Number of protein chains: 2
Amino acid sequence: MTQWQGENNFALFKSTAPVSDSQVCSAFYQQHKNKVAVQKEKIAVGKLKTIITATFKLSNKKGFSLMSLRDLSQETGMSMGSLYAYIGSKGQLAEMIHQFLPHMFDLCIVEQIQGSDAIDLKLKKIVRGHIFVTECLQPWFFFAFMETKHLSKNVKQLAKDNELGSEAMLEEVINEGEQQGIFKASNHFMAVMLIKSLLQGWYVKHGRYKQHKMSCENYIDFIETVINQQLLVNDSI
Amino acid sequence: MTQWQGENNFALFKSTAPVSDSQVCSAFYQQHKNKVAVQKEKIAVGKLKTIITATFKLSNKKGFSLMSLRDLSQETGMSMGSLYAYIGSKGQLAEMIHQFLPHMFDLCIVEQIQGSDAIDLKLKKIVRGHIFVTECLQPWFFFAFMETKHLSKNVKQLAKDNELGSEAMLEEVINEGEQQGIFKASNHFMAVMLIKSLLQGWYVKHGRYKQHKMSCENYIDFIETVINQQLLVNDSI
DNA sequence: GTCTATATCTGGATAGAC
DNA sequence: GTCTATCCAGATATAGAC
């Protein structure tokens, strides 16, 4: 977990961050242990994986709120009773998924960007880290983006706080870069929004990019060009 | 309807395109006359307006599929029976809204961009037209963007066709501009996606922009800068 | 830990009086 | 054209056998 230094190399990232299927699912189980009735870890992790995969599939087709638990039961091959041994309630299922994502950011990139790097490198690390994580967990982030409506007040607030937190982080980086004379930015707010759009675009329109065989590394190249044109004082094209 | 020439002047656009509240609602009624049981036009237009406004409000809060028609009845002050004199079914309500948007594009900007303008002006007209229309109908477009999942197969297909159609139009403009030596673009597909993201961003994140008192004209200025940096051969900053 | 059967409720939709 | 009352399908959630 100490090797990936913000390089634009997806294979390297995948080998250093805990983003394999089994790592993800077991991290998910760890975070929500207390809400899962089933005791045996191995069984629980496996079934949670099936449940979540099916949830993403069905939500993509009809939306989460139109997905009935009978649908889910059929898709997973589990009975209604079984499902409830894992999820508590339909609403809680959505919440667990939402709560998991900030947790994954912490695991994968937060420690990477806390060092005292040059400010432009720091921005690169943030951008690349975001794209890499969302590439590995694309269905998760897509789900979270589309299905924010169905959350309890508390979790909605948490989602909003995360949003604003990431905006604040970007703005801080831009401020610092400007003070150091590395960045220019006529409008900081717009620069932040632009970067966020580019980051979100990757998982929201993932299907279109795959159709055109665009890799996440190429996508990073592209958006770094756009961002640099906005921010860099010495933008040598 | 023949005066607005792609200028970045919102007031001018509003005075030439049929985008006032009453014009919009009566265009909506015209398009869907046949599905509305109530005969008297004046009554129908007014009530449709209340219904749609309430639908947007409630969908924003809980999502369309979690909005019950009883909720809607309460919010509009109409009874269940009355509602059904206007909407046919819940699903049809969503469909009518979706089908209305391409119709509005036709009314507001299609004839503007069919002329034989210089290619860079044509692109400007497309960009400005989109932002202006989506500014006037922001809740409509936001609704359509978030609630695509709940449509019948046919209307889903229609939505997808519209998407691809607008991409094709942009790509065509870029191609032509490149042949004329006005545009450069290392990757046409990415240029199209970038433009589309910027256009969508305006109505998807409308609230954030309003908070920062960003007008649609300023937004256009900003995204035209970004687009020009990508496309223009002679980009004199 | 998993299943089937069932209790309970909510939501879409309609009939028919006014 | 609008309202109230009602029907019924389908959803969440649970109880209890295995």
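Below, all heavy atoms of this structure are taken into account, side chains as well, without hydrogens, waters or symmetry copies. Convention: sequence-line order gives letters A, B, ...; per-chain numbering from 1. These numbers were taken from a predicted model, which means no experiment stands behind them.
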Side chain of [X]: nearest nucleotide among [options]?
X: B/Tyr86; options: D/dT2, C/dG1, C/dT14; result: D/dT2
X: B/Met80; options: D/dT14, D/dC3, C/dG12; result: C/dG12
X: B/Lys40; options: D/dT12, D/dG1, C/dG1; result: D/dG1
X: B/Ile43; options: C/dC3, D/dT2, D/dA13; result: D/dT2

Check against side chain to side chain contact (heavy atoms under 4.5 Å, CB included), A/Ser73 and A/Met78:
CA-CA 5 Å; A/Ser73 145; A/Met78 297 162 72; 5.8 Å; no

Using atom [atom1] of [X] as one end and atom [atom2] of [N] as the other, report the distance to the nearest whole Å.
X: A/Leu83; N: C/dT2; atom1: CG; atom2: C1'; answer: 11 Å
X: B/Asp71; N: C/dA13; atom1: CG; atom2: C1'; answer: 16 Å
X: B/Gln92; N: C/dA13; atom1: CD; atom2: P; answer: 10 Å
X: A/Lys42; N: C/dG1; atom1: NZ; atom2: C1'; answer: 17 Å
X: B/Ile51; N: D/dT2; atom1: CD1; atom2: P; answer: 9 Å
X: B/Met78; N: D/dG1; atom1: CE; atom2: P; answer: 11 Å
X: B/Leu66; N: C/dC9; atom1: CG; atom2: P; answer: 19 Å
X: A/Tyr84; N: C/dT6; atom1: OH; atom2: P; answer: 18 Å

Just to confirm, is there a sub-4.0 Å distance from OP1 or OP2 of D/dG1 to any side-chain nitrogen or oxygen of B/Ser82?
no

Do the side-chain N or O atoms of A/Lys47 get closer than 4.0 angstrom to the phosphate oxygens (OP1, OP2) of C/dG1?
no

Could you tell me whether A/Ser79 contacts a base, only the sugar-phosphate backbone, or nothing, with contacts defined as non-hydrogen atoms closer than 4.0 Å?
base

Taking the six-membered ring of A/Phe64 as reference, does the NZ or CZ atom of A/Lys90 fall below 6.0 Å from its centre and within a 45° cone about the axis?
yes

Is there a side-chain contact between B/Phe222 and A/Leu194, using heavy atoms and a 4.5 Å cut-off?
yes

Just so I know, are the side chains of B/Cys108 and B/Val19 near enough to count as touching, which here means a heavy-atom distance under 4.5 Å?
yes

Want to settle it: does A/Gly91 or B/Gly81 sit nearer the 5' end of DNA chain D, counting the closest nucleotide to each?
B/Gly81

Between the base of C/dG12 and the side chain of B/Arg70, is one N or O donor paired with an acceptor at under 3.5 angstrom?
yes

Give the ring-plane orientation class for A/His212 versus B/Phe189, where under 30° counts as parallel, over 60° as perpendicular and anything between as tilted.
parallel

